[in-house]
2 protein chains.
Amino acid sequence: MAIERISESEYAVIEPLWDKAPLTAVEIADRVAKDNDWTLQTVKTLLSRLVAKGAVAFETQGRRYLYRPLIARNDHAVAESRRLLDRLFAGRVSPLVAQLAKRDALSEDDIAEIEALLKELRA
Amino acid sequence: MAIERISESEYAVIEPLWDKAPLTAVEIADRVAKDNDWTLQTVKTLLSRLVAKGAVAFETQGRRYLYRPLIARNDHAVAESRRLLDRLFAGRVSPLVAQLAKRDALSEDDIAEIEALLKELRA
DNA sequence: GATTTATGTTTACATGCGTAGTTGGATAGG
DNA sequence: CCTATCCAACTACGCATGTAAACATAAATC
């Protein structure tokens, strides 16, 4: 039941499905076109790879193929984040935050948000 | 001056050099052997790829090749983290923390550490 | 009914990665 | 000197990825 690893390009293709599903390949390609310059063929290839990986399913409605995601955006994001934390920060979050802080990669707003978050957690 | 992207296996090979440098290929292979089951040849290949990417340099001392890192561990970690944050969390840290919290991936200690860190930041 | 259109499937091809064998040159030991 | 050894460089090969053309098939249109 582990989440199948999906590539960056595949991610770009599943993303529209997280905003709205189901969608056809053409609809997905249209939405993806804002950020990427792929042909429809490329989007279809990525879709079929996502289907092969069990990350996306389709149902055929007559001639239309309607795609929908099988994994949740947040599940993917968390899985990837854990991978990174494990690899680079011994699995812990605070060293990551510390490094980013040291590089001035944390705005005042970021800090305030995280603090509010944590305060709520221990409430 | 962008940091060259290095692969996971390459990372395992450069890691010993961050602890101690310079080292020979054999010394690196020994240290890497704790976590990976690679032949010496594999380690050498990874080393040469790191050299090609400008992440590692060597100096030859007679017959000995001594390797040393050209990039800093933290620079690499921060670059990778930014990539992930940009891709998955619109470049912001708090949504990452929020997700991890929601998944119970934050221990009491983690939370306390991060809070201490942030408090210090605004001091 | 024949042809164009829509849509997925198959095949392709370059690049990067993980993993390692083979080669060639320097060197140390006899 | 010659040979065995040590080392890096070169070559290799399968798999994933990024990108897409070619192919097949069903449907819509004329």
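Residue numbers start from 1 in every chain, and the chains themselves are labelled A, B, ... in the order their sequence lines are given, proteins ahead of strands.
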Please tell me which of the listed nucleotides, dT9(C), dG18(D), dG18(C), lies nearest to the side chain of R49(B)? dG18(C)

Can you check whether any acceptor in the base of dG16(C) is under 3.5 Å from a donor in the side chain of R5(B), or vice versa? no

Is Y65(B) close enough to dC6(D) that one of its side-chain N or O atoms is under 4.0 Å from OP1 or OP2 there? no

Within the pair R63(A) and dA28(D), is there a side-chain N or O less than 4.0 Å away from OP1 or OP2? yes

Atom pair distance, as rounded to whole Å: CG in L23(B) and P in dA8(D): 12 Å

Between dG18(D), dA28(D), dT9(C), which nucleotide gets closest to the side-chain atoms of Q41(A)? dT9(C)

Categorize R64(B) for me: base, sugar-phosphate, or nothing, with a 4.0 angstrom heavy-atom threshold over every strand shown. nothing

Is T42(B) reaching over with its side chain to a backbone N or O of W38(B), donor-acceptor style, under 3.5 angstrom? no

Those residues that, when tested against E113(B), pass side-chain hydrogen bond (donor to acceptor under 3.5 Å, both in side chains) (two or more places apart): R92(A), S94(A)

Can you tell me if T42(A) touches the phosphate of dA20(D), counting only side-chain N or O atoms and a distance under 4.0 Å to OP1 or OP2? yes

Is any side-chain N or O of K44(A) closer than 4.0 Å to OP1 or OP2 of dT11(C)? no

On the nucleotide dG18(C), are OP1 or OP2 found under 4.0 Å from the side-chain N or O atoms that T45(B) carries? no

Can you establish whether the number of heavy atoms outside D37(B) located under 6.0 Å from its atom CG is more than 12? no

Does a side-chain N or O from S9(A) land closer than 4.0 Å to OP1 or OP2 of dG18(D), or not? yes

